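This structure is a prediction, so every number in the text was calculated from the model and none was measured.
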Amino acid sequence: MPELPEVEVVRATLDRHLAGLIIKDIDCFYEPIIENLSFFKEKVVNQKIIEIKRYAKYLIFILSNGAFLSHLRMEGKYFYVEEDYEIQKHQHVVFHLNNGYKLIYQDVRKFGRIEYKSIEDLYSTYPLSELGPEANQKEYNLDELYLKLKRKMLPIKTVLLDQKFISGLGNIYVDEVLYAAHISPLRRASRIKKTELETILISSQAILNDAIKKKGTTIRSYTSSLGVIGNYQNFLMVHTKKECPHCNRGLSIIKIGGRTSYYCKACQR
């Protein structure tokens with residue numbers, strides 16, 4: 001699943017190619033991907049793409065009037081191709097552009113969703129209104145997050161994966177952040193100290209921003225749009241690894257909330 005760094009790479013790549021173009025028409029071959037398809041087309045067709053932003057794992061296409069959100073979910077990908085490109089299997093949405101190109105949304109598992117929003121409703125309504133602060137933002141309210149954390153009886157890894165608590169962290173990066181913070185993913189969230197939470201937040205910012213610089217992590221099916229391949233997988237400390245890079249002991253591989261988790265029992269407490 002693309003996480004915040006991968007989505008940011010997609011955003012930057014698409015923004016370079018799409019800003020200033022007009023969406024002339026839309027084809028959708030699997031209607032559930034677009035919320036209220038007829039309304040969406042009415043609002044989006046003939047609009048100019050001003051820029052592409054991102055919040056957490058959501059792409060935000062800012063238009064000359066309104067915007068639309070796109071969540072890639074498990075395997076969503078965008079491709080920018082010439083108009084005469086022949087549509088392939090699993091390519092469900094086509095945005096025809098005014099420059100002889102088209103933007104294609106591909107999704108093997110069909111879990112991705114696209115939805116139109118007015119600018120006024122963009123951040124004040126679901127889904128963006130439900131999200132916590134971004135895991136890599138520079139400023140955050142430590143006291144407020146700590147109070148929320150103290151009420152959580154679940155493992156800290158499960159809480160960090162909850163996008164309502166903090167947004168943008170996925171399975172890979174939570175493993176990396178907790179390793180950097182020397183905290184066991186099994187530790188009950190309510191028992192995390194405020195100084196430890198601050199360390200988690202600092203580690204989140206550093207790791208996510210470094211992953212963005214390295215074009216994200218390419219594991220399994222993820223590649224960004226236009227064939228940009230990430231290489232942060234070459235810098236992962238624990239996720240998918242067998243030994244701790246610090247103490248050289250074998251890593252523990254367990255399921256936490258149904259997610260495969262890697263950690264070092266000796267270094268993470």
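A donor-acceptor pair is defined here as one N or O able to donate and one able to accept, closer than 3.5 Å; no such pair exists between the side chain of Glu42 and the backbone of Ser38. Using a distance-only test at 3.5 Å, with no hydrogens or angles considered, a donor-acceptor pair links the side chain of Glu3 to the main chain of Asn171. The closest donor-acceptor contact from the side chain of Asp25 to the backbone of His96 lies at 3.5 Å or more, if one exists at all. A donor-acceptor pair under 3.5 Å links the side-chain atoms of Asp15 to the main chain of Ile52, judged by distance alone. Remark: the backbone N or O of Glu86 is paired with a side-chain donor or acceptor of Gln88 at under 3.5 angstrom. Put simply, the side chain of Gln205 gets close to the backbone of Gln137: a donor and an acceptor are under 3.5 Å apart. The main-chain N or O of Ala181 is never found under 3.5 Å from a side-chain atom of Thr199 such that the two would form a donor-acceptor pair. Distance alone, capped at 3.5 Å, places no donor-acceptor pair between the Lys148 side chain and the Phe165 backbone. Between the side chain of Arg259 and the backbone N or O of Ile172, no donor-acceptor pair lies under 3.5 Å.
Contact annotation: the side chain of Lys77 never approaches that of Leu72 to less than 4.5 Å [non-hydrogen atoms, C-beta and beyond]. Put simply, the side chain of Leu208 does not reach to within 4.5 Å of the side chain of Glu8, judged on heavy atoms. Side-chain contact between Ile34 and Glu115: absent, with no pair of heavy atoms (C-beta onward) separated by less than 4.5 Å. Residues Val7 and Pro5 fail the side-chain proximity criterion, which asks for heavy atoms closer than 4.5 Å. Side-chain contact between Leu145 and Pro133 is present, with at least one heavy-atom pair separated by less than 4.5 Å. Residues Val93 and Asp107 are not in side-chain contact: their nearest non-hydrogen atoms beyond the backbone lie 4.5 Å or more apart. Proximity of Leu14 to Leu103: side-chain heavy atoms (C-beta onward) are separated by under 4.5 Å at one or more points. Lys241 places none of its side-chain heavy atoms less than 4.5 Å from the side chain of Tyr262.
Note on Leu178: it does not cluster hydrophobically with Ile254, by side-chain heavy-atom contacts below 4.5 Å among ILVMFWY residues. Cluster membership for Leu147 and Leu149, using ILVMFWY side-chain heavy atoms within less than 4.5 angstrom, is not shared. Follow the hydrophobic side-chain contacts under 4.5 Å out from Leu59 and you never reach Leu128; the two are in separate clusters. When hydrophobic clusters are built by joining Ile, Leu, Val, Met, Phe, Trp and Tyr residues whose side-chain heavy atoms come closer than 4.5 Å, directly or via intermediates, Ile50 is not grouped with Ile22. Note: the hydrophobic cluster containing Leu197 also contains Val174 (ILVMFWY, side chain heavy atoms under 4.5 Å, direct or indirect links).
A salt bridge between Glu35 and Lys117 is absent, with no side-chain N of the basic residue lying under 4.0 Å from a carboxylate O of the acidic one.
Leu161 CG to Ile156 CD1: the interatomic distance, rounded to the nearest 0.5 Å, is 10.0 Å. Rounding to the nearest 0.5 Å gives a distance of 6.5 Å between NZ of Lys43 and CG of Asn65. Ile183 CD1 to Arg269 CZ: the interatomic distance, rounded to the nearest 0.5 Å, is 13.0 Å. To the nearest 0.5 angstrom, Ile192 atom CD1 is 4.0 Å from Arg187 atom CZ. Summarising the geometry, atom NZ belonging to Lys89 is positioned 11.5 Å from atom CD belonging to Gln106; distances are rounded to the nearest 0.5 Å. Atom CZ of Arg16 and atom CG of Leu18 lie 11.0 Å apart (nearest 0.5 Å).
Side chains of His239 and Glu176: a donor-acceptor N/O pair is absent below 3.5 angstrom, by distance only. Side chains of Gln91 and Tyr85: a donor-acceptor N/O pair is present below 3.5 angstrom, by distance only.
The environment of Lys265 atom NZ is sparse: at most 12 non-hydrogen atoms of other residues, nucleotides or ligands sit within 6.0 angstrom. Within a 6.0 Å sphere centred on NZ of Lys150, other residues, nucleotides and ligands contribute more than 12 heavy atoms.
Classified by interplanar angle (parallel below 30°, tilted 30° to 60°, perpendicular above 60°), the ring pair Tyr179/His182 is tilted.
The minimum heavy-atom distance between Lys157 and Thr260, with the atom names listed, is NZ-O, 3.5 Å. Counting all heavy atoms, side chain and backbone alike, Leu131 lies closest to Ala56 at CD1-CB, 4.0 Å. In terms of heavy atoms, Ser204 sits closest to Leu169 at OG-CD1, 3.8 Å. When all heavy atoms are compared, the tightest approach of Ser167 to Leu4 is O-CD1, 4.4 Å. Of all non-hydrogen atoms in Asn46 and Lys24, the two that sit nearest each other are OD1-NZ, 3.5 Å. Taking all atoms of both residues into account, the shortest heavy-atom contact from Cys267 to Cys244 is SG-SG, 3.7 Å.
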Inset, instruction - Check the pair Phe61, Phe95 against side chain to side chain contact (heavy atoms under 4.5 Å, CB included), reporting the backbone distance first and the verdict last. - result: CA-CA 12 Å; Phe61 291 73; Phe95 297 87; over 6 Å; no
Inset, instruction - Begin from the C-alpha positions of Lys255 and Ser261 and carry the test side-chain hydrogen bond (donor to acceptor under 3.5 Å, both in side chains) through to its verdict. - result: CA-CA 6 Å; Lys255 291 280 187 179; Ser261 306; over 6 Å; no
Inset, instruction - Take Tyr263 and Ser184 through the side chain to side chain contact (heavy atoms under 4.5 Å, CB included) test and state the conclusion after the steps. - result: CA-CA 7 Å; Tyr263 79 105; Ser184 168; 3.9 Å; yes
Inset, instruction - May I have the step-by-step check of side chain to side chain contact (heavy atoms under 4.5 Å, CB included) for Asp162 and Lys152, ending in yes or no? - result: CA-CA 11 Å; Asp162 180 358; Lys152 304 289 186 180; 4.2 Å; yes
Legend entry - Lys57 and Gln163: CA distance, side-chain angles, deciding distance, side chain to side chain contact (heavy atoms under 4.5 Å, CB included) verdict: CA-CA 10 Å; Lys57 302 177 187 180; Gln163 302 300 295; 4.0 Å; yes
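Note on residues 100-146: pairs passing ring pair (Phe, Tyr, Trp, His ring centres under 6.0 Å), not counting sequence neighbours, are Phe39-Tyr116, Tyr78-Tyr105, Tyr80-Tyr101.
Ring-centre distance between His71 and Tyr58: below the 6.0 Å cut-off.
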